[in-house]
S.K.: 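Before I ask anything, let me first share the structure, which is written out below as structure tokens.
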Amino acid sequence: MAKEPVPGRVKTRLQSVFTPGQASRLAAAALDDTLEAVRHTPVRRRILAWEGNPAGRGAGFEVIDQGSGGLGDRLGRALDRALADSPGPIMVIAMDTPQVTRQLLQTSWDGADAVIGLTEDGGYWTIGLRRGPAAEVFAAVPMSTDRTGAAQLARLLDLGYTVKLLPPLRDVDTPGDAAALADQYPDLAFSCTHRMITAGNPTGLGPAEDLRMIFDHAYGGLPLRAATDVGVDPLRVSADLWRRPADAVDRLVVARCQAPVLDLGCGPGRMVAALTESGRSALGVDLSAAAVEASLRRGAPALRRDVTGPLPGEGRWGTVLLMDSNLGLGGDADGLLRRCMSLVTAGGLIICETDPEPAVDRTHRVLLTAGSVSGYVRWAQIGADALGERARRLNLMVNERWSAGGRTFVALRTL
């Protein structure tokens with residue numbers, strides 16, 4: 001159960017110390033940590049009951065709308081819907097406990113009808129049911145009070161459920177909660193965000209703005225570092241590759257492009273410059289102002305845009321390029337491919353650079369650092385074989401596949 005982290009609408013109790021933008025930024029990081037824990041939990045179904053615009057966060061989840069009513073109404077509705085579609089057990093958690101782990105979510109129920117995990121402030125961080133109807137479980141339970149947890153437990157027992165208590169957690173409601181969690185769990189995205197804000201970053205920026213700042217620093221000449229908890233760099237970071245002119249491998253891509261060409265995540269414009277030099281009309285788009293300025297300086301047309309927003313010439317591009325590791329940006333490759341499909345003309349090409357490992361298809365949480373700016377993003381590693389499988393599901397045809405200079409590419413064609 002989660003809602004869009006809109007400034008002023010989430011974590012209002014944090015605003016005694018933080019600005020609305022900073023509070024929403026902390027809420028977004030807590031949500032990302034929570035979703036990450038669920039993604040790594042081996043379960044049959046993952047459902048995101050959402051309020052607002054999920055904005056790419058639903059990768060790997062069935063996204064449903066919470067609907068109207070109080071919290072108890074929405075909890076009962078979401079659980080009853082899930083139980084109607086498949087048998088239990090089912091657990092629900094919110095976005096307030098970023099320290100939750102898959103080990104906690106996998107705790108044995110020991111045959112109980114229900115589980116509940118209480119919080120230190122009198123609420124609860126999870127409730128799970130083996131059977132419904134769920135709506136009656138939440139009837140007459142006061143929500144968001146210091147006795148909600150006790151009342152909810154009493155309600156379960158009154159209905160005849162056998163209940164197992166899960167370990168208690170501290171949820172993030174107050175600035176003190178936030179500081180304590182950031183200190184106790186320093187590796188969380190939430191904790192990184194908390195450190196950035198309390199270290200004197202007053203901007204209250206969101207994830208997209210963080211990414212812009214990081215790449216502005218990197219394209220401006222500062223080293224860009226990428227780290228994951230499994231030691232893999234899905235970005236295959238190479239500042240030299242970004243800044244130098246297109247090489248022989250890049251020119252093999254250029255030769256396959258149908259004009260006009262849109263380069264998504266163009267960086268300093270090496271591909272746009274090479275396309276223009278070949279006589280093909282081309283445009284680059286990038287989040288980073290520094291990248292766009294560098295591209296324009298080398299005579300390569302570029303605009304500062306977010307690929308999820310409106311772009312010029314939608315539906316009329318002959319080719320859309322996803323070079324380097326751009327296919328994995330955001331961790332939602334299917335969503336990005338669908339966006340590319342909306343940009344190209346009928347029969348157009350989507351040319352993707354893929355991971356050198358053909359079958360790999362996994363998503364990492366990546367900590368990017370450039371200078372004094374850092375932030376977490378999701379990035380997918382997708383090999384050529386895995387991309388082919390995704391393409392078939394999306395009704396895209398694999399037009400060509402090739403390798404050169406240790407790099408691998410796949411050209412997809414819309415049908």
Side-chain angles (χ1 to χ4, degrees), residues 1-2 5 26-50 54 56-64 75 78-79 82-83 85-120 123-130 149 163-172 177 180-194 227-232 234 328 330-333 360-367 376-381:
M1 296 283 289
L26 288 166
L31 172 60
D32 288 342
D33 282 322
T34 306
L35 294 178
E36 192 73 11
V38 176
R39 285 189 181 98
H40 284 86
T41 303
V43 292
R44 286 183 291 113
R45 297 177 69 192
R46 299 175 182 85
I47 302 168
L48 178 58
W50 188 258
R57 285 192 168 89
F61 289 79
E62 303 169 43
V63 181
I64 63 173
L75 281 166
L79 285 169
L83 287 166
D85 293 340
S86 60
I90 186 166
M91 290 174 66
V92 61
I93 60 174
M95 55 190 282
D96 303 327
T97 51
Q99 76 275 34
V100 70
T101 64
R102 70 176 185 179
Q103 288 79 14
L104 275 173
L105 298 176
Q106 288 179 265
T107 301
S108 172
W109 289 33
D110 295 328
D113 300 321
V115 294
I116 188 169
L118 303 177
T119 56
E120 296 180 11
Y124 58 92
W125 65 268
T126 187
I127 186 170
L129 302 176
R130 196 177 294 278
V163 182
K164 177 174 179 176
L165 290 175
L166 298 186
L169 294 180
R170 182 173 188 166
D171 56 3
V172 178
D177 295 330
L181 284 179
D183 182 62
Q184 188 174 357
Y185 304 95
D187 295 331
L188 296 173
F190 175 86
S191 305
C192 176
T193 302
H194 187 271
T228 70
D229 55 2
V230 293
V232 175
D332 183 11
V360 69
D361 191 346
R362 57 178 175 254
T363 303
H364 302 282
R365 189 179 68 175
V366 182
L367 176 62
Y376 281 97
V377 296
R378 291 183 57 75
W379 220 294
Q381 277 182 283

S.K.: Return the OG1 to CH2 distance between T97 and W125, rounded to the nearest 0.5 Å.
M.R.: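 Separation between the atoms: 6.5 Å.
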S.K.: If you take all heavy atoms of V172 and P98, which pair is closest and at what distance?
M.R.: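 Minimum heavy-atom separation between V172 and P98: CG2-CD, 4.0 Å.
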S.K.: Could you verify whether a donor N or O on one side chain and an acceptor N or O on the other, from T119 and R170, lie under 3.5 Å apart?
M.R.: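 There is no such pair (donor and acceptor under 3.5 Å, judged by atom type) between the side chains of T119 and R170.
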S.K.: Step by step, would you call Q381 with H364 a side-chain contact (heavy atoms from CB on, under 4.5 Å)?
M.R.: CA-CA 8 Å; Q381 277 182 283; H364 302 282; 2.6 Å; yes
S.K.: Measuring from atom CD1 of I90 to atom CG of L129, what distance do you get when rounded to the nearest 0.5 angstrom?
M.R.: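 These two atoms lie 8.5 Å from each other.
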S.K.: Could you report the tightest heavy-atom contact between M95 and T34, atom names first, then the distance?
M.R.: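 Smallest interatomic distance, heavy atoms only, reads CA-OG1, 4.1 Å.
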S.K.: Output the distance between atom CG (D171) and atom CD (Q99), rounded to the nearest 0.5 Å.
M.R.: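 Going from CG on D171 over to CD on Q99, the span is 8.0 Å.
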S.K.: If every non-hydrogen atom of F190 is compared with every non-hydrogen atom of L26, which pair is closest and at what distance?
M.R.: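 Scanning both residues, the minimum pair turns out to be CD1-O, 3.5 Å.
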S.K.: Evaluate the criterion side-chain contact (heavy atoms from CB on, under 4.5 Å) for residue pair W109 and M91; output intermediate values, then yes/no.
M.R.: CA-CA 11 Å; W109 289 33; M91 290 174 66; 3.6 Å; yes
S.K.: Can you see which heavy atom on A189 is nearest to which on D33, and at what distance?
M.R.: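 Where A189 meets D33 most closely, the heavy atoms are N-OD1, 3.0 Å.
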S.K.: So which atom in P5 and which in A28 form the shortest heavy-atom distance, rounded to 0.1 Å?
M.R.: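 Residues P5 and A28, closest heavy atoms: CG-CB, 3.7 Å.
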S.K.: How many angstroms lie between CG in D183 and NE2 in H194, if you round to the nearest 0.5 Å?
M.R.: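 The NE2 atom of H194 is 9.5 Å from CG of D183, to the nearest 0.5 Å.
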S.K.: Heavy atoms, side chains only, cut-off 4.5 Å: are I93 and L105 in contact?
M.R.: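 Yes, side chains in contact.
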S.K.: Hey, could you give me the CG/CG distance between D96 and L31, rounded to the nearest 0.5 Å?
M.R.: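 Between D96 CG and L31 CG, I get 10.0 Å after rounding to 0.5 Å.
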S.K.: Between P42 and Q106, is there a side-chain heavy-atom distance shorter than 4.5 Å?
M.R.: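 Yes, their side chains come closer than 4.5 Å.
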S.K.: Just by distance, do the side chain of R102 and the backbone of H40 share a donor-acceptor pair under 3.5 Å?
M.R.: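 Here the side-chain-to-backbone pair exists.
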S.K.: Which heavy atom of L104 sits nearest to which heavy atom of P167, and what is that distance?
M.R.: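 The answer is CD2-CG, 3.7 Å.
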S.K.: What I'd like to find out is whether the side chain of T126 reaches to under 4.5 Å of the side chain of V100, using heavy atoms alone.
M.R.: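 Side chain of T126 against side chain of V100, heavy atoms only: no contact under 4.5 Å found.
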S.K.: Please identify which of these residues, D110, T107, D113, meets the side chain to side chain donor-acceptor pair (under 3.5 Å) condition with K164.
M.R.: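 The passing option is D110.
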S.K.: Please step through side-chain contact (heavy atoms from CB on, under 4.5 Å) for the pair F61 and V38, ending with a clear verdict.
M.R.: CA-CA 9 Å; F61 289 79; V38 176; 3.6 Å; yes
S.K.: Is R45 salt-bridged to E62, going by a charged N under 4.0 Å from an acidic O?
M.R.: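 Yes.
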S.K.: Assess the residue pair W50 and I64 against the criterion (side-chain contact (heavy atoms from CB on, under 4.5 Å)); give the C-alpha distance rounded to whole Å, side-chain angles, the decisive distance to 0.1 Å, and a yes or no.
M.R.: CA-CA 6 Å; W50 188 258; I64 63 173; over 6 Å; no
S.K.: Do L166 and I116 touch side chain to side chain, with heavy atoms closer than 4.5 Å?
M.R.: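 L166 vs I116: side chains apart.
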